[in-house]
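Following: one structure in structure tokens, then a few remarks.
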2 protein chains.
Amino acid sequence: MNEQIKILVVEDDDDINQLLCNIIRKNGYFPQPAFSGTEAMLYLESKEWDMVLLDLMLPGMSGDEILAKIADQSNIPVIIISAKLDQQTKIDMLRTGADDYITKPFDIEEVSARIESHLRRYQRINLSSKIEEQLKHKDIEVDPDAKIVSVQGKELIFTAREYEILVLLMSSPKKVFTKKNLFESVWNEAFYGDDNTINVHMSNIRSKLAAANPDEEYIETIWGMGYRLKS
Amino acid sequence: MNEQIKILVVEDDDDINQLLCNIIRKNGYFPQPAFSGTEAMLYLESKEWDMVLLDLMLPGMSGDEILAKIADQSNIPVIIISAKLDQQTKIDMLRTGADDYITKPFDIEEVSARIESHLRRYQRINLSSKIEEQLKHKDIEVDPDAKIVSVQGKELIFTAREYEILVLLMSSPKKVFTKKNLFESVWNEAFYGDDNTINVHMSNIRSKLAAANPDEEYIETIWGMGYRLKS
DNA sequence: GATAATTATTAAGAGAACCTTAAGTTTGGA
DNA sequence: TCCAAACTTAAGGTTCTCTTAATAATTATC
């Protein structure tokens, strides 16, 4: 899982950009400076971001154009940081899709607190809408939410251990998992060779899969090495 | 479905309260004035809210206490509207869980735009988790406004914890919730395995449901994994 | 083809996970 | 401050899963 929280800082003034990046770094997140509107767009298109700090007066492409694009195409929170003091701009930006509007010169602690605040709210969205992908291999399907294994649409009853082993195998269909690998991933403790446990689980998993579809072989034994999915 | 967006306006000054309510009404939402901290708490406990506008200087119970409670117990966005100008208060409130901090005297259009902005972001949470529609399962019905659980139309007495657990299960009827899941969602703190608490709550929930309808089984234990609604 | 090493299967006892009841402990309201 | 409701902890019993161990089957090596 990728735990790094990445924040794009779009600000053409070198000093201010650096200052903002430092605030972000100090909070434990990962800043990426961009010094023009066009540069910002490149970053936005090439990566996933958790937040954007955006100046309005930018070379290349103006801040409000960028804001409009972000608001249109994504869900990323945007904090405008601008020297423009007039209310109308502020209101327009907030209505266009900005999450906040901070005027320069800014208070470092306040910027820090506002970043935290918006990130906190945004995190919850991502947690609740996090769409987990389904694992599939041949006619095996796994629904990680429901923790259900099905073969040819038929739902199978797997125990917790069996489920975890199968998911591990399916997470890297080409990899050969040694018993040590399997044991340490699934059991989360050290493996002191010579253990029949995994053999037994493999046998049980195979027989459950075979009961659902006898014509297919799903798990391959690599002699002297371990197991992997048969492709 | 309940489409009304309800905003609680906590402000002891009559004129300002009314002004804020007017802004909200003009935006198409439903304001509820509260003129003291204690009054606000009553509203917060009795209904579901989409947003809270909160003054800090209040009779009865101070704004920061209210904020702390809301942040601790729920997900509702809070905008502080205060005459306190000092940065430290602002920063503290934002760190405690406020989503925004607007100083008086405020610009009507800006307040309006900021309400829209936060609501826009918050709505996405609700849209993605769409709790409202799914709060029925078999003959269990939950009224999230009144926080009432009923089975076959009969109203049951659930405690706060029991209610939250049940709502969580019902929010994703097919999902298997691990104890970790449950604990971290309902208690909002880290889970250090081997805890009987959830077992006991589950047992209590089951017996209350069974008392209302002995012929039906509602909650399924998935051994080694967790719990889910029985479909 | 015989032997040794590894893997597969089976069944039963050990162990882990869970349920329930009841006794503390905490919390919130009068 | 006290009381009652809610929550947590604890203990004993139950159920289901995992591991162990014995045995069979397979693969590699000589």
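Just so we're on the same page: letters track the sequence lines, and every chain starts at 1. The figures here come from the full heavy-atom set of this structure, side chains too, leaving out hydrogens, waters and symmetry mates.
The separation between W187(A) atom CH2 and dT17(D) atom C1' is 12 Å, rounded to whole Å. Rounded to an integer number of Å, the gap from N199(A) CG to dC18(D) P is 15 Å.
With salt bridges taken as basic N to acidic carboxylate O contacts below 4.0 Å, one links K104(B) and E11(B). The pair E65(B)-K69(B) does not count as a salt bridge, with every side-chain nitrogen at least 4.0 angstrom from each carboxylate oxygen. Under 4.0 Å is where a charged nitrogen must lie from a carboxylate oxygen, and between E116(A) and R120(A) no such pair does. A salt bridge between E217(A) and K138(A) is absent, with no side-chain N of the basic residue lying under 4.0 Å from a carboxylate O of the acidic one. Between D100(B) and R114(B), at least one side-chain N (NZ, or NE/NH1/NH2) sits under 4.0 Å from a carboxylate O, which counts as a salt bridge. Using a 4.0 Å cut-off between a side-chain N of Lys or Arg and a carboxylate O of Asp or Glu, R206(A) and E162(A) do not qualify as a salt bridge. Between D99(A) and R121(B), at least one side-chain nitrogen of the basic residue sits less than 4.0 Å from a carboxylate oxygen of the acidic one, meeting the salt-bridge criterion.
Less than 4.0 Å separates DNA chain C from at least one heavy atom of each of the following residues of residues 173-180 of chain A: K179(A). For residues 155-172 of chain A, proximity to DNA chain D is found at T159(A), R161(A), defined as any non-hydrogen atom under 4.0 angstrom from a strand atom. Across residues 205-223 of chain A, W223(A) each have a non-hydrogen atom less than 4.0 Å from an atom of DNA chain D (numbered order).
Side-chain atoms of D92(B) and Q88(B) form a donor-acceptor pair, as typed in the model, at a separation below 3.5 Å. When only modelled atom types and interatomic distance are considered, Y218(B) and N213(B) share a side-chain donor-acceptor pair under 3.5 Å.
Both G226(A) and V200(A) sit near DNA chain C, but only G226(A) has its closest nucleotide nearer the 5' end. Projected onto DNA chain C by closest heavy-atom contact, N196(B) and Y227(A) fall at different nucleotides, the more 5' of which corresponds to Y227(A).
The two residues W187(B) and I165(B) have their closest heavy-atom pair at CH2-CD1, 4.1 Å. What you find for L67(B) and A98(B) is that their closest heavy atoms are CD1-N, 3.8 Å.
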Evaluate ring pair (Phe, Tyr, Trp, His ring centres under 6.0 Å) for F183(A) paired with F191(A), printing each intermediate quantity in order. CA-CA 6 Å; F183(A) 199 83; F191(A) 179 70; 5.4 Å; yes
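Atom CG of residue L54(B) and atom CG of residue L8(B) lie 8.5 Å apart, to the nearest 0.5 angstrom.
Just one residue in the list K175(A), K174(A), K230(A), R228(A) forms a salt bridge (Lys or Arg N to Asp or Glu O under 4.0 Å) with E220(A), and that residue is R228(A).
Checked against side chain to side chain contact (heavy atoms under 4.5 Å, CB included), K26(B) has no partners two or more places apart in sequence or in another chain.
Each end of the helix from dG1(C)-dC30(D) to dA30(C)-dT1(D) gets its own axis from five base pairs, and the two axes differ in direction by 50°, given to 10 degrees.
Contacts between chain B and DNA chain C, taken as any atom within less than 4.0 angstrom of a protein heavy atom, begin and end at dA17(C) to dT21(C).
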